[in-house]
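Both counts, for ligands and for their atoms, begin at 1 and track the order of listing. This chain uses plain numbering: 1 for the first residue, then up along the sequence.
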Amino acid sequence: MTNNPNILLVYTGGTIGMVKDYKTKALRAFDFSQILEKIPELKQLNCEIDTISFDVPIDSSNMNIHYYITIAEIIAKHYNNYDGFVVLTGSDTMSYISSAVSFMFENLQKPVIFTGSQLPIGDLRTDAKENLITSIEIACASEGGEPTIQEVGLYFEYKLYRANRTTKINAEQFEAFTSMNYPALAESGVHLSFNKHLLLRNESKKSKLIFRKNLIEDIVILKLFPGITSKVVEAIVNVPGLKGIVLETYGAGNAPTEQWFIDLIRKAIDKGIRIVNVTQCSGGSVILGLYETSTDLKNMGIINGKDITTETAIAKMMYLLGEDLTKEEFKKYFETSLRGEIS
Ligand code: ASP
């Protein structure tokens with residue numbers, strides 16, 4: 001036994017877990033239980049690494065709430081036995097997955113770092129090794145006997161972000177993610193430097209981890225565009241069983257003032273559908289009532305998503321819908337930062 005940190009590496013799928021068969025040139029899934037033999041550099045990290053892999057690695061485009069719950073259950077089950085967790089998923093929907101996981105844990109006091117890569121781990125020019133090695137290093141970092149990171153992070157291309165602030169912005173470049181409304185939590189250069197004043201801390205250190213896994217998926221993103229017709233909006237608000245809408249509006253939360261639009265949105269809110277206003281802009285915030293074009297929405301009680309990302313609005317909605325809240329409570333909690341997701 002050593003006093004080195006113990007890290008649990010959870011592999012779910014995505015590009016990162018592929019190796020190229022140089023004879024056939026085909027990509028195939030890599031056996032993560034052999035990771036230490038395949039990436040001997042990991043042995044220099046002074047930590048103990050155990051791995052758990054999904055039986056069948058999955059592309060993140062095929063992940064739904066059941067996979068989010070499986071990932072969170074693995075972390076919850078092993079929470080007391082490890083100092084930190086590194087979760088490898090495909091990057092395409094990593095912002096959604098990691099945001100959802102951030103809500104499922106209240107009072108998290110250990111690092112949960114999501115990462116992946118643009119090129120397979122077996123590719124000569126891969127970004128996977130750096131992403132994986134630094135993510136493990138971040139998960140091991142501690143200060144004064146406490147983990148430096150005590151929240152869900154997303155590490156990619158030299159930057160650690162708060163996971164629920166991220167968006168995938170590039171399908172080709174190694175710098176695939178950004179966090180427009182919150183600075184990076186850490187940057188990896190010659191040194192690994194943490195921006196300590198930006199890190200999430202639980203007020204009460206004694207609080208135990210609370211794990212909630214009742215996610216609801218009867219929701220939709222309604223993205224406005226100039227010329228959107230009443231037929232389309234009507235069809236969406238009348239989807240049977242629909243419980244929530246993430247309404248992607250223009251600029252600071254603006255939408256058409258045409259009567260048909262206002263009436264459909266009002267009717268949906270009256271029916272009990274939770275509607276959150278988020279901006280289509282990558283950065284900045286909804287400011288309800290700033291323009292006349294958001295005054296009606298404000299008056300009818302639309303929820304103000306402020307500077308939340310669409311990905312996180314979806315995750316937060318899935319989470320809060322599972323909590324059996326009144327209309328007023330739902331609005332209050334949505335507009336409050338629960339895991340550092342809004343400013
Ligand atoms: N399609 C892959 C996925 O998201 C891409 C990646 O791993 O980055 O699963």
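A donor-acceptor contact closer than 3.5 angstrom links the side chains of E248 and T310. A donor-acceptor contact closer than 3.5 angstrom links the side chains of E130 and T134.
A distance of 4.0 Å separates CG of L338 from NZ of K316, quoted to the nearest 0.5 Å. Rounding to the nearest 0.5 angstrom, the gap separating the SG atom in C47 from the CD1 atom in I7 is 5.5 Å.
The side-chain tip of K110 points at the ring of Y79 from less than 6.0 angstrom away and within 45° of straight on.
Checking only distances, T89 never comes within under 3.5 Å of ligand 1, N or O to N or O. Residue-to-ligand polar distances place T15 within reach of ligand 1: an N/O pair is separated by less than 3.5 Å. Considering backbone and side-chain N/O atoms, K168 never comes within less than 3.5 Å of an N/O atom of ligand 1. Considering backbone and side-chain N/O of S60, one or more are found under 3.5 Å from N/O of ligand 1.
Ligand 1 lies out of reach of A176, whose nearest heavy atom is not under 4.0 Å from it.
Each of I75, V112, D50 was scored for a side chain to side chain contact (heavy atoms under 4.5 Å, CB included) with L8, with one residue passing: D50.
For the residues N62, D59, T12, the heavy atom positioned nearest atom 2 (C) of ligand 1 is part of D59.
Protein heavy atom at the shortest distance from atom 8 (O) of ligand 1 is S91 OG, 2.5 Å.
Close approach of ligand 1 to G14 is summarised as follows: ligand atoms under 4.0 Å from at least one heavy atom of the residue are 7 (O), 9 (O).
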